[in-house]
Peer 1: 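Can you read through this structure? Questions will come right after.
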2 protein chains.
Amino acid sequence: MTATGSPSADTGGRATRGPRGAAAIHAAVLDLLATSGYAGLTIEGVARRSGVNKTTLYRWWPSKPALVAATFRYAVARELPVPDTGSLRGDLVALVRSKAAFLGEGPGRLAADVLAHTGADPELARLADELLGQHSTHVAEITGRARTRGELAGAVDDLLLADLLLGPVWLRAVVTHRPLSVADAEALVDTLLAGLGG
Amino acid sequence: MTATGSPSADTGGRATRGPRGAAAIHAAVLDLLATSGYAGLTIEGVARRSGVNKTTLYRWWPSKPALVAATFRYAVARELPVPDTGSLRGDLVALVRSKAAFLGEGPGRLAADVLAHTGADPELARLADELLGQHSTHVAEITGRARTRGELAGAVDDLLLADLLLGPVWLRAVVTHRPLSVADAEALVDTLLAGLGG
């Protein structure tokens, strides 16, 4: 995976592939989303702010939703690695805290505005599906490791667990804007772990 | 509380107070939200569709956000009573199912669009706070009854429980648009109850 490679039909790599200056482009997209909102963002504006030629932007991302989707894929890949602390509880608390920070103050705080446009744009709807799917995959990876370590015996519905972990975080960060403290994150995880062990 | 009373400074009654024809007005607001979105809705349009004089509408609700907020209060009061099935599990499953139906197919399906405008309007931000606060109050009412019946012994953080119940429902209904089946609602509640009892 090279940052200077040419556009590829292989969509598997699109989270990290991009032209020279990809970091500046994605930073410009996030800045403009914060100041102008999704509706006000234009590819011209991104070109101006990032100093990257408009033609280059269009060569990589044929539309505004494609560019915005690429920016979120990039931010998620950078800021939301799968925690691997050595314990199930540690991994889940770290996961909840990183998602809360991402959605509350990080690039994810712009997600609600972008997601409000999914109805009008299939590329954004795909992005939402993909990122939420990634979250479930990460939860399954964490419970898989816990099972290997013998920390988790019974069957766990990873999809339901994923929603039980992310749902309250989403509600606070995106809807009610109430902070989720470290103690809240621990209480949330402890309640779920006690429930899963029962 | 009379449906034909005159406007009152007492905001405590505003969920149900309204002019003659309130039901038709609120139905018109929901119809127009579904077809034109929040951005496209106008008080003139509501007057036309409901057959209620524009002056009457303005006398009760001085602005579009005030009218939309009143409609959601009305819909919530009508469609989301606090379940009282006689058991904690029954109450929580009923609560989760009614919220899922309200947010997935009922008037609440229009909430994401309206909430996308809370940043621009304090009346809508207040509405969101109020309805989410109401949800926590309902959860506390349910756990309070369960405690009286001796079904719940330990301390329960009602705010956290409220978010754990509503978060996954919200995520599926509003964000990922995945259905929450009866089995899902039961699994969700059973996981939380086992966790709380632990």
Side-chain angles (χ1 to χ4, degrees), chain A residues 37-39 96 99 103 109-120 125 127-133 135-136 154-157 159-178 180-181 183-198, chain B residues 37-39 96 99 103 109-120 125 127-133 135-136 154-157 159-178 180-181 183-198:
Chain A
Y38 180 78
V96 164
K99 303 264 165 174
L103 289 168
R109 76 188 188 285
L110 308 163
D113 173 39
V114 171
L115 289 179
H117 295 83
T118 51
L127 172 72
D129 281 353
E130 180 190 316
L131 296 183
L132 274 296
H135 168 71
S136 306
V156 170
D157 180 339
L159 263 185
L160 181 66
L161 176 59
D163 286 355
L164 276 163
L165 288 163
L166 187 58
V169 171
W170 183 278
L171 206 56
R172 293 209 180 176
V174 180
V175 185
T176 60
H177 305 286
R178 267 187 297 138
L180 190 101
S181 68
D184 290 333
E186 291 176 344
L188 192 163
V189 168
D190 287 339
T191 302
L192 295 181
L193 285 182
L196 295 173
Chain B
Y38 181 78
V96 164
K99 304 264 164 173
L103 290 168
R109 77 189 187 286
L110 307 164
D113 173 40
V114 171
L115 289 180
H117 296 83
T118 50
L127 172 72
D129 281 353
E130 180 189 316
L131 296 184
L132 273 296
H135 168 70
S136 306
V156 170
D157 179 342
L159 263 185
L160 182 67
L161 177 59
D163 286 355
L164 275 163
L165 288 163
L166 187 58
V169 170
W170 184 278
L171 207 56
R172 292 207 179 179
V174 180
V175 185
T176 61
H177 304 286
R178 267 188 296 137
L180 190 103
S181 67
D184 290 332
E186 291 176 343
L188 192 162
V189 168
D190 287 339
T191 301
L192 295 180
L193 286 182
L196 295 173

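Just so we're on the same page: letters track the sequence lines, and every chain starts at 1.
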Peer 1: Could you check which of Asp190(B), Leu166(B), Asp157(B), Val175(B) has the highest count of heavy-atom pairs closer than 4.5 Å to chain A?
Peer 2: Val175(B)
Peer 1: Could you tell me which portion of Leu165(B) (side chain, backbone, both or neither) has an atom closer than 4.5 angstrom to a non-hydrogen atom of chain A?
Peer 2: neither
Peer 1: CZ of Arg172(A) to CG of Leu160(B): how many Å apart, nearest 0.5 Å?
Peer 2: 6.5 Å
Peer 1: Which answer fits Leu161(B), side chain, backbone, both or neither, if we ask what part of it has an atom under 4.5 Å from a heavy atom of chain A?
Peer 2: neither
Peer 1: May I ask you to test the Asp184(A)-Val96(A) pair for a side-chain heavy-atom distance under 4.5 Å?
Peer 2: no
Peer 1: Distance from Thr176(A) atom OG1 to Leu171(A) atom CG, nearest 0.5 Å?
Peer 2: 5.5 Å
Peer 1: Quick check on Leu132(A) against chain B: is it the side chain, the backbone, both or neither that has a heavy atom closer than 4.5 Å?
Peer 2: side chain
Peer 1: Please round to the nearest 0.5 Å and tell me the distance separating atom CG of Leu159(A) and atom NE2 of His135(A).
Peer 2: 9.5 Å
Peer 1: Leu180(A) versus chain B, heavy atoms under 4.5 Å apart: side chain, backbone, both or neither?
Peer 2: neither
Peer 1: Show the nearest heavy-atom pair for residues Lys99(B) and Val169(B), with the distance to one decimal.
Peer 2: C-CG1, 3.9 Å
